[in-house]
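The block underneath contains the structure these notes are about, expressed in structure tokens.
When a ligand or atom number is given, it counts from 1 through the structure's own listing order.
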Amino acid sequence: MIDILRNRRSVRQFTDQAIEFNKLEILKEAILLAPTSRNIEPCEFIVVQDKAMLKKLSTLKPHGASFLADCDTAFVICGDTSKSDVCVEDCSIAAIILQLTAESLGLGSCWVQARLRDHSDSVKSEKYIKELFDLPEHMLAPCVIGLGYPAAKKEPKTKEDLKFQKIHKETF
Ligand SMILES: Cc1cc2nc3c(=O)[nH]c(=O)nc-3n(C[C@H](O)[C@H](O)[C@H](O)COP(=O)(O)O)c2cc1C
């Protein structure tokens, strides 16, 4: 696990190589293994591979989402607010587990933040996603994870990059 954490970087450029079926199955298994508050399991996931839909998804906000148009697969992470009041936390945990599992499989990934972001002056990013995928009103779509084979290897962060001073002993 520590090697996966050391090597993971956000990847926004991908090759044309498709993610294999068995790797997609492992990714699906991983997100369903994610812990959730009170074991309620309020998260649902939309696996998007259709190029036209990826393109639409890539406009969920003006900046920081465009790479989704060129990824192989995107997972839209959804949370059911009628089941849990902390589904944002549950969604975030599922999202990072997806990213770490992707890294372990030799895949690259990047998070796209939708919650609290704007698609346009009048439409929130989450609302845009909800309309795109016909999500019911009580479902959140706080983030999207874009995945694929990395076009280039990014340098891992070094131990010197890490801000150990942020870790406090006994009191702040
Ligand atoms: C909560 C969260 C939201 C993020 N939102 C975006 C985003 O909308 N677009 C994007 O390109 N990257 C996004 N990222 C990726 C970060 O920019 C990236 O993790 C950070 O710059 C550190 O780089 P690294 O992942 O390569 O270590 C997000 C990451 C997190 C954890």
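- Shown here is Q13, whose CD atom has no more than 12 heavy atoms of other residues, nucleotides or ligands within 6.0 Å.
- Heavy-atom contacts from other residues, nucleotides or ligands closer than 6.0 Å to NZ of K28 number more than 12.
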Would V112 and K61 count as a side chain to side chain contact (heavy atoms under 4.5 Å, CB included) if you check the C-alpha gap in whole Å, the side-chain angles of each, and the deciding distance to 0.1 Å?
CA-CA 9 Å; V112 176; K61 59 182 181 177; 3.9 Å; yes

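- Protein heavy atoms are absent from the space less than 4.0 angstrom from atom 20 (C) of ligand 1.
- Considering backbone and side-chain N/O of F67, none are found under 3.5 Å from N/O of ligand 1.
- In summary, the atoms of ligand 1 found under 4.0 Å from a heavy atom of S10, numbered by their order in the structure, are 15 (C), 18 (C), 19 (O), 24 (P), 25 (O), 26 (O).
- Salt bridge present: K130 and E137 bring a charged side-chain N and a carboxylate O closer than 4.0 Å.
- Counting only heavy atoms of the protein, atom 17 (O) of ligand 1 lies nearest to R12 NH2, 3.2 Å.
- Under a 4.0 Å heavy-atom criterion, K157 is in contact with ligand 1.
- Here K61 has side-chain heavy atoms under 4.0 Å from ligand 1, and that is the only part of it that gets that close.
- In this structure, K154 places its NZ atom where more than 12 heavy-atom neighbours from other residues, nucleotides or ligands lie under 6.0 Å away.
- For ligand 1, the polar-atom distance check finds an N/O of R8 within less than 3.5 Å of one of the ligand's N/O atoms.
- For R9 (side chain) and E155 (main-chain N/O), a donor-acceptor pair under 3.5 Å exists by modelled atom type.
- Shown in contact with G64 at under 4.0 Å from a heavy atom are these atoms of ligand 1, numbered in order with element: 7 (C), 8 (O), 9 (N), 10 (C), 11 (O).
- The distance from ligand 1 to the heavy atoms of R9 drops below 4.0 Å at these ligand atoms: 24 (P), 26 (O), 27 (O).
- The part of C110 lying near ligand 1 is the side chain, judged by heavy-atom distances below 4.0 Å.
- Aromatic ring orientation, F14 versus F67: tilted (interplanar angle from 30° to 60°).
- The protein non-hydrogen atom at the shortest distance from atom 7 (C) of ligand 1 is W111 O, 3.3 Å.
- Looking only at side-chain heavy atoms (C-beta outward), F133 and M53 come within less than 4.5 Å of each other.
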